[in-house]
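Both counts, for ligands and for their atoms, begin at 1 and track the order of listing. Since we're looking at a predicted model, the values are computed, not measured.
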Amino acid sequence: MKLNISDLLKHRKNVLPFEMSLESDMVERDDFKLKLREPLLVKGEAEYDGEVIKVRGRIHALIEAQCSRCLTSLIKSLDIDFDEKFSKSPDDDVYPIYEDFINLEEMVVDNLILSVPLKFLCSEECKGLCPKCGKNLNFESCNCEKDDIDPRFAALKDLFKGD
Ligand SMILES: [Zn+2]
Ligand SMILES: [Zn+2]
């Protein structure tokens, strides 16, 4: 994801709009893995103040994930705003400017890692899988004995005691 910034550095332009995509079906770094449904899109603008290049914009991704409760496959749309700096003397918060380009990829992956939740749910009300028989409790019920009853239902259970 190299962005040619020679026009900015030579002051031929003050603002450089850009739109780039990542032609890969996976974003991966260490333990972080994101499966992409379509090429990830990065749209924004770069601005040079004589010292640093400020890059602002939005990352759009359509990802494949799994509900952490019922394991159903999900497709999620993500939109993540970024506002970052690039410089010839980079440090922890500032990305490097190479000869006449900057590479957006590291910055994009950093922003994904910061913003993408570790767990997804198909819905807030997802009932998950029965830990005993594995049935998807969103679609069917089972007669397994539940050891740990949700406190919200404990009162109900008391009602039926003595049956
Ligand atoms: Zn679910
Ligand atoms: Zn069950």
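- A heavy-atom distance below 4.5 Å is not found between the side chains of M1 and M107.
- Between L74 and C67, the shortest heavy-atom distance links the atoms CD1-N, 3.7 Å.
- Atom CD of E140 has more than 12 neighbouring heavy atoms from other residues, nucleotides or ligands inside a 6.0 Å radius.
- Excluding waters, the set of protein N/O/S atoms under 2.8 Å from the Zn ion (ligand 1) reads C67 SG, C70 SG, C122 SG, C126 SG.
- In this structure, K54 does not pair ionically with E47, as no charged nitrogen and carboxylate oxygen lie closer than 4.0 Å.
- Grouping the Ile, Leu, Val, Met, Phe, Trp and Tyr side chains by contacts below 4.5 angstrom, directly or via other members, places L78 apart from L41.
- Here C144 contributes SG and C142 contributes SG, and at the Zn ion (ligand 2) these two atoms make an angle of 110°, given to 10°.
- The angle that C133 SG and C130 SG make at the Zn ion (ligand 2), rounded to 10°, works out to 110°.
- A heavy-atom distance below 4.5 Å is not found between the side chains of Q66 and K35.
- Side-chain contact check for L137 versus C142: some heavy-atom pair is nearer than 4.5 Å.
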